[in-house]
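What follows is a single structure, written as structure tokens, with notes after it.
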Amino acid sequence: MAEHAWILAAVPGIAFIVMAALGRNLPRQGDWLAVLCATSIFGLFFAVLANFLNLGEAAWPVLNSIEWTAIGDFHLRMGIAVDQITIVMLAVITTVALMVNIFSVGYMKGEPRYWWYFAVLQLFVASMLMLVLADNLLLLYVAWELVGLSSFLLIGHYWERRSAVEAAKKAFITTRVGDVGLLIGIILFWEATGTFNILDIIHYVEEGAIGDTRLFVTMMFILLGAMGKSAQLPFHVWLPDAMEGPTPVSALIHAATMVVAGVYLVARMLPVFEAAGALDVVLVIGLLTALFSGVVAFAQTDIKKVLAYSTVSQLGFMFVALGAGYASAGMFHLFTHAFFKALLFLGAGSVIIGTHHHQEMGQLGGLWRKMPITAGTFLIGSLALAGLFPLAGFWSKDEILHAVEGQGTFFFFLISIAAIMTAFYTARLFVRTFLGKPRDEEVASHTRETGPVMTLPLVFLAFMSIVAGFFIFHDFGSAFGFPGGFSEFVFLHYPHAFHVDWGLVGLSTALFVIGTFGGAWFYWNGRLDRSTVMAEWQPKVYEMVQRKFYFDDLYQFLIDRVVLGFSYLVSWFDRFAVNDTGVDGSATMTGYAGFLLKHLQTGRVPNYAMAIAAGVVALTLLSLAVGS
Amino acid sequence: MVPMENYLVLSGIIFSLGVYGVLARRNAVLVLMSVELMLNAVSLNFVAFSAYRIPSSADATGIIFAVFVIAVAAAEVGLALAIVIRLFRNRSTANVDEAATMRW
Amino acid sequence: MTTEVLWWIFAVAIVAVSAGVVFARTVIHSAIFLILSLAGVGAMYLFLTIEFIALVQFLIYGGAVTVLILLALMLTRMGIAGRPEPTTGVQAPFGALVAAGLMATLIGVAVATAWPGNLGDTAVAVSIETIGEELFEDFGAPFMITAALLLVAFIGAIVIARQEDED
């Protein structure tokens, strides 16, 4: 089954075609088909997993490919490669996709283009699975663009809203900048090694087939693609805006799966990054992103925006782990983060539905009385994100701290700060949304708990947020048939068993306590808005943070002045040189020449016959003259 | 015996006369007759080549061509005369230089 | 020797009547000259000892086609009209020039070219069996297509020439 894992991608692909063609006319607009599809790939994943584990370590990675085309000596093979990283990604994608599909049935009820939403969701799942299954960079790039397209379509689902259109455009264009880098990187690899196959490329690089400088440049381009998709500084601007899309989409695409594609790519190519000496770049970018978006998350007032910046920050954590050379730590955080961040986003979605589309924290507060299940699961998700022992986030953050330990005190200090900030803004989010007294009585009076179709996925994800972290333990992994704990399953060079480092646990817990209680104390009182205090105390700093350190303004300025200025020049050239002179000019010339030459046309057949005969004679004489 | 060049020269003369007729004549039926002359010249050419090619060969391609030329000429003459009759009925003339609608 | 003399007589006669076709003042004369010219070419086929083509020439050209042309002349009342019209157009001199150039080219090429292959001075008789076999075996498809073409032309001629009530 593992070598036929492509079926996982094929099922939602077919579902997309069926739903796009017939969706509107199916009973219930085909949402049952979407859930059925998500359930079946969830089931199929376990078939793949069981087979994969049965085959044993010697058979990994499981390969299966066909010859796509042959041009001369160049044989292009397309296929799948299933290894440990792929299995982790498959687990995340299929689980979260199932939860999100079920949740969406409740969340999207009565929304416009219900059928189209579910169809594109299937397209996304299909392309995301293709992305992680691909054994070569070309197929990966195709899937990479397809997930970008699905993301674009889903962010712009409410295209009647101008902001949604702008956000979709921004996401598409920003990631495209990175994608071009990725494409250049792929081409450079192909030029150097003559293959697109990822394993072959890693093999060539380890043999030293590519020169140092060239390899470094290539990896920078690949990293550009990864940064664009995973919203790393300075490409992070699109992700918060992508919250314009329906909330379950934010949970699936912009928290759990698509945005971690960059992390996946870096993890997949980690040996090459290491050989190129590019790990430090990854580390620094990740660290800057984690700190920067942690700070920005303080000043956000929209639930989803806070979560979005939190996601950017956590992606930074993953990059940090990878940059430190620890594939297992990065992938483990990806794994656990997918569950609790999807939970938090779905919880936010539940809040939005329960309060009839209010998502500004200034209008919420005290929701735990009205929405106990949402509040409970949200609390579990928040604590997992903040890193409470022994929830999932604790173990993965512990791994990252452990990984950074070797990189020097300075980095360790900074990442600890970022961890405190995570706990702090998470506490702020929870306190201001669920605790205290309602700030807006009218909103509160309408609020009620959402139905089971939405709360059940929350409960399941909350369960996962608690237990997912235990996969780090050798005994827990073995019980499920894995060769051991997570770090014995996914690793770069050699497996290492996890041992609890009590010192680190203590430090980690201290970070959690400082952050959470700091945040909780700061925002506990529902009446006093401490962010207002902050705004009065240091208005300039507050404004800078709230405006996201002027990144958007800077980009807007660059687009307005540089891009639009240049495009004005180009359009001027196009209008005058190309259009008026070239296209219209030649047309006018042709027309004028025709006006003059039409008098040659007498309309009398004998004249034409005469011309033909004279032409024949002339041509014959000419050919005789030339031929002899 | 007469060498092949004689036939070719004769065919060339007939063909040129036909061309002159097509170019000079006004009446559509006369133009058509000139076309028939040209076709005949071509036929004669084909047959002459066929007859003078390698001796004792069983190849008759040139003759077959002549047969087809005659068949196509018959079809052409039938259609062209129908068009001439139509032209005459619509415009009360069969002069080709008076049908001058093929222009701007 | 006799054949050659006869050939030259026929050749000169054919050129003369062909010139008559294109130079005659009245349409009927042209038509009669055309019949003679076609018959002369048929005679040329006899000189080439290909009787089959000669026969086809006499039957189809000399018979059917000329009858058709005469019929068209009657229907369009050419030459019966009282006022004699000039039968040559204004571009006749230019046409003569082009035709003369063409004639010179053709004759020059025919004489000057060294024709390839083993071309003797004697025409080779091709038997009617050979023609039949070639026509129905090697050229079976063109033969059938030509048959279809004739049918289509036949129907087309009827449609075009039909008297319409509306007109």
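So that the names make sense, note that chain A is the first sequence line, chain B the second, and so on, each numbered from 1. Scope of the values below: all heavy atoms of this structure, side chains included, with no hydrogens, waters or symmetry mates.
- The parts of B/N6 that come within reach of chain C are both its backbone and its side chain, each placing non-hydrogen atoms under 4.5 angstrom from that chain.
- Counting non-hydrogen atoms of neighbouring residues, nucleotides and ligands closer than 6.0 angstrom, the CZ atom of B/F68 exceeds 12 such neighbours.
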Under 3.5 Å donor-acceptor pairs involving side-chain atoms of residues 9-24 of chain C, not counting sequence neighbours:
from, atom 1, to, atom 2, distance (Å)
C/S18, OG, C/I14, O, 2.8
C/S18, OG, C/S37, OG, 3.1

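- Neither the backbone nor the side chain of B/S11 comes within less than 4.5 Å of any heavy atom of chain C.
- With rounding to the nearest 0.5 angstrom, the CD1 atom of C/I69 is 6.0 Å from the CG atom of B/L81.
- A 4.5 Å side-chain heavy-atom check between C/L106 and B/S16 finds at least one atom pair inside the cut-off.
- Considering every non-hydrogen atom in both C/L150 and B/A71, the closest pair reads CD2-O, 3.5 Å.
- Using a 4.5 Å cut-off between heavy atoms, C/L34 contacts chain B through its side chain alone, with no backbone atom that close.
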List the steps, then state whether side-chain contact (heavy atoms from CB on, under 4.5 Å) holds for B/I14 with C/V41. CA-CA 10 Å; B/I14 302 173; C/V41 173; 4.3 Å; yes
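- Considering only heavy-atom pairs separated by less than 4.5 Å from chain B, the leading option among C/P142, C/G108, C/A104, C/A64 is C/P142.
- For B/I83, the parts sitting under 4.5 Å from any heavy atom of chain C are the backbone and the side chain alike.
- Contact record, C/L68 with B/G78: CD2-CA, 3.8 Å, taken as the closest heavy-atom pair.
- C/V56 places none of its side-chain heavy atoms less than 4.5 Å from the side chain of B/V67.
- With a 4.5 angstrom heavy-atom cutoff, C/I131 touches chain B via backbone and side-chain atoms both.
- For C/V111 against B/E5, the heavy-atom pair with the smallest separation is CA-CG, 4.4 Å.
- If you take CG on C/L135 and OG1 on B/T61, they are separated by 11.0 Å, rounding to the nearest 0.5 Å.
- With B/Y7 as the fixed residue, the ring-ring contact (aromatic ring centres under 6.0 Å, His included) test singles out one of C/W7, C/F47, C/Y45: C/W7.
- For C/F33, no part lies near chain B; criterion is any non-hydrogen pair under 4.5 Å.
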Test log, rule side-chain contact (heavy atoms from CB on, under 4.5 Å), inputs C/V98 and B/Y20: CA-CA 8 Å; C/V98 170; B/Y20 170 74; over 6 Å; no
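- Heavy-atom minimum distance, B/A66 versus C/I53: CB-CD1, 4.2 Å.
- Atom-to-atom distance recorded for B/L87:CG and C/I160:CD1 is 11.5 Å, nearest 0.5 angstrom.
- For the pair B/A74 and C/I60, the tightest heavy-atom approach, listed with the atom from each and the gap, is CB-CG2, 4.5 Å.
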In a table with atom names and distances, give each donor-acceptor pair under 3.5 Å that connects a side chain of residues 30-42 of chain B to protein atoms at least two apart or in another chain.
from, atom 1, to, atom 2, distance (Å)
B/S34, OG, B/L30, O, 3.0
B/E36, OE1, C/Y61, OH, 3.2
B/N40, OD1, C/Q57, NE2, 2.6
B/N40, ND2, B/E36, O, 3.4

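- Interatomic distance, CG of B/N27 versus OG1 of C/T26, reported as 11.0 Å (0.5 Å rounding).
- Heavy-atom pairs under 4.5 Å with chain B were tallied for C/P93, C/G101, C/A100, C/A92; the largest tally goes to C/A92.
- Residues B/L23 and C/F94 are not in side-chain contact: their nearest non-hydrogen atoms beyond the backbone lie 4.5 Å or more apart.
- Annotation: maximal heavy-atom pairing with chain C below 4.5 Å, among B/V77, B/V19, B/I85, B/V47, occurs at B/V47.
- Listed options B/V9, B/V22, B/N45 were ranked by heavy-atom pairs under 4.5 angstrom with chain C; first place goes to B/V9.
- The most heavy-atom pairs under 4.5 Å with chain C, out of B/I70, B/L8, B/V72, B/I64, come from B/I64.
- In this structure, CG on C/L102 lies 12.0 Å from CD1 on B/I13, to the nearest 0.5 angstrom.
- A distance of 8.0 Å separates CZ of C/R162 from CZ of B/R86, quoted to the nearest 0.5 Å.
- Using a 4.5 Å cut-off between heavy atoms, C/S30 touches chain B through backbone and side chain atoms alike.
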